[in-house]
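By convention in this document, chain letters (A, B, ...) are assigned in the order of the sequence lines, proteins followed by strands, and residues within each chain are numbered from 1.
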2 protein chains.
Amino acid sequence: MANIQDVAKLAGVSISTVSRVLNGTARVNNEVKKRVEESMQTLAYQPNPAARSLRTNRSRIIGLLISDIQNPFFMRLIQGVEEEALRHEYSLILCNSNESPQREQQYLDVLYSERVAGAIIVPTREYLGEANLSKFRERNIPIVAVDRRVKDKDVDAVLVDNVRGAQEAVTHLINNGYRRIAAVTGPLTVTTGRDRLEGYRRALKDARIPHNPELERSGTFDAETGRRLTNELLQINPRIDALFLGNNLLTLGALDALHAHNLQVPIDVGLVGYDETFWSALGTLSLTTIIQPAYELGATAALRLFQHLQNPAIQSRQEVVLTPSLIIRSSSLAREPQPVKV
Amino acid sequence: MANIQDVAKLAGVSISTVSRVLNGTARVNNEVKKRVEESMQTLAYQPNPAARSLRTNRSRIIGLLISDIQNPFFMRLIQGVEEEALRHEYSLILCNSNESPQREQQYLDVLYSERVAGAIIVPTREYLGEANLSKFRERNIPIVAVDRRVKDKDVDAVLVDNVRGAQEAVTHLINNGYRRIAAVTGPLTVTTGRDRLEGYRRALKDARIPHNPELERSGTFDAETGRRLTNELLQINPRIDALFLGNNLLTLGALDALHAHNLQVPIDVGLVGYDETFWSALGTLSLTTIIQPAYELGATAALRLFQHLQNPAIQSRQEVVLTPSLIIRSSSLAREPQPVKV
DNA sequence: AAGGTAGCTGAAATTGTTTTCATGACAATC
DNA sequence: GATTGTCATGAAAACAATTTCAGCTACCTT
């Protein structure tokens, strides 16, 4: 494997000059430059990233720490990050915290000690912790939180407006005649759980529907939880007439529970889900859902990270909020529409 | 950030000794060792991976190059690799070729120049090419192909028995009274496409059902293709009575096409899919499918890779073949069972 | 003609580790 | 008592790049 010396020798220059051509850090005579470039070509020279990052204390790798690799939503997000990284000629270290703060911490340590150039994180908790942040800050490694906000100061975030999404979803149910609307949301320790519950409440409030805590359930973002909580809700009398689900996997479990109870969607129970996914419109299934721009979420976070990398001087914290949209299918359309004035 | 010198100074030894303690490459006096370890503790010392891999020409990172990050099947596979990597204290660079050989090549170059310790690849083509392989071989970077076989010599592979899976699926349809069975499979340029078609043919042959090329369609592994090819198959007279699908996304498209034609599964058309996934048993849907051990596929490939890394002397090529299994649900059970003797 | 400057280039230091080679201490062998 | 061997340790080289500093032209200014 050719190294910078070989290139220098072949081109008849010093390694400094080769380095300058490589990085464009200083002017090099055009002819010399050409000769160097030819030498790099013929030797198929590729700079050694280890030597580089040893010297510069920075790699061409960014870390992506997500919370659930099983969730299709995050696959889109990963893809967004990945494509943007490819475009900027960075590689991507993928880490999966599995919603476990311990594992998240473990991976933060890995990313730190690997000296990644930057990190994009779907946090599992409210704070990443000043201990972590100051370590990264000290080494000038930017961090961008994505999908979920953290309370730490100075952490950039790229989010979707969850309050708005949920509010829109539930308002849609109300406008279509549903009144006893229950909600199954994610953990209240993360903004995607809390904000969507908040949106649900606001929609009810705006429509002057009394708030009933019994109709609110929350738990972890998985199908089993969706099934369990939906089962609980279905025990309640009088029966709920609609269900708002806080993410795609919760929806999956809810559908299962409804089917087990022999309840038809939307005739017996209206339904609006969160996250557009493979099975949203599959066969007889036709779910009204909130679409999140998952790909854009990832791509935007990556772009923000690269802004930091290209201009380390940027200090200001930035919060980008993308807008979800409602796609109306039949799972929410069995009652007489009864728009409520707000 | 403390470096090895700081540790050495604090412990009152040379850096060589610290290195020896760190790597266990030679005996160190117990007391000295203890002192060194304490110093590492107090300084929160973490070895610099860049310096390490510069010296050893090997990183603690492995590359995973998959062909479609959107497919839930690969998510499970990724998770298998990721957990095994974590256990061995390796990080994972994730690359997504998107079934494009160009992008695959691009990423192979990235992995090579990043000096990954090893690579796990879901190939998009029949050959990785001797040019690539010899480069990796020269630097002693092991490669393991996963899910799909390549024809190159000396590439380890971890596979699922696709012929067997498909054969089992189609035999099951036959045993349950279906006779005009069509197949929609993936691209014939990859083993997961070709082998499953082969399994389909063998099942028919074993049952002495005449082979009808018109009932075989193949295309890329996505829902749109599944829909299109199923639509084509539904034009044929007399109508097919069952459908075998070559992967999860093809199944998704097929279900859509059947629904659009107002055909009921399994009454009008029996169906067996490939890959167990979120929507296999969702509401009224109840798909008989071939389950692939996706997680094990990834974990096994990673293990094989680490075998190579721990013992670079291993030369022998190994092909591990895992066994798929059939899970019977109602999508294949509307006819009178008519077992065929084989 | 002397001095200053802009533009290129090279030598050498630097980064943090692993690894080779050398050394000294001490025990075992003849 | 001389020689050999083993063990623990340190000094220094090597890895491949970036970066600082200094030097050398060639040209311009006064």
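Between B:N57 and B:G12, it is B:G12 whose nearest contact on DNA chain D lies nearer the 5' terminus.
A salt bridge links A:E84 with A:R87; the closest basic N to acidic carboxylate O contact falls under 4.0 Å. The pair B:E319-B:R317 counts as a salt bridge, with a side-chain nitrogen and a carboxylate oxygen less than 4.0 angstrom apart. The pair B:R149-B:E126 fails the salt-bridge criterion, with no side-chain N (NZ, NE, NH1 or NH2) lying under 4.0 Å from an Asp/Glu carboxylate O. Under a 4.0 Å N-O distance rule, the pair B:E82/A:R103 qualifies as a salt bridge. Remark: B:D152 does not engage B:R125 in a salt bridge, criterion side-chain N to carboxylate O under 4.0 Å.
Residue A:T17 places at least one side-chain N or O closer than 4.0 Å to OP1 or OP2 of C:dG10.
Using modelled atom types and a 3.5 Å distance limit, the side chains of A:Y112 and B:Q46 yield no donor-acceptor pair. A:T25 and A:N23 form no side-chain donor-acceptor contact under 3.5 Å, judged by distance and modelled atom types alone.
Every ring pair (Phe, Tyr, Trp, His ring centres under 6.0 Å) that B:Y90 has, sequence neighbours left out, goes to B:F306. For A:Q70, the side-chain contact (heavy atoms from CB on, under 4.5 Å) test picks out A:D68, B:R76, B:Q79, with sequence neighbours left out. With sequence neighbours excluded, the residues that form a side-chain hydrogen bond (donor to acceptor under 3.5 Å, both in side chains) with A:E99 are A:S67, A:R148.
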Show each protein N/O and nucleotides 5-7 of chain C N/O combination with a separation under 3.5 Å, one pair to a line.
none

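Rounded to whole Å, the distance from NZ on B:K9 to C1' on D:dA11 is 16 Å. Computed from coordinates, the A:L43 CG to D:dA16 P distance equals 14 Å when rounded to whole Å.
Looking at residues 29-40 of chain B, you'll see B:N29, B:V32 sit with a heavy atom under 4.0 Å from some atom of DNA chain D.
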Note to self: Output one letter per nucleotide in nucleotides 16-24 of chain C: B when a protein non-hydrogen atom lies under 4.0 Å from the base, S when only the sugar-phosphate is that close, - when neither is.
What the structure shows: BBBB-----
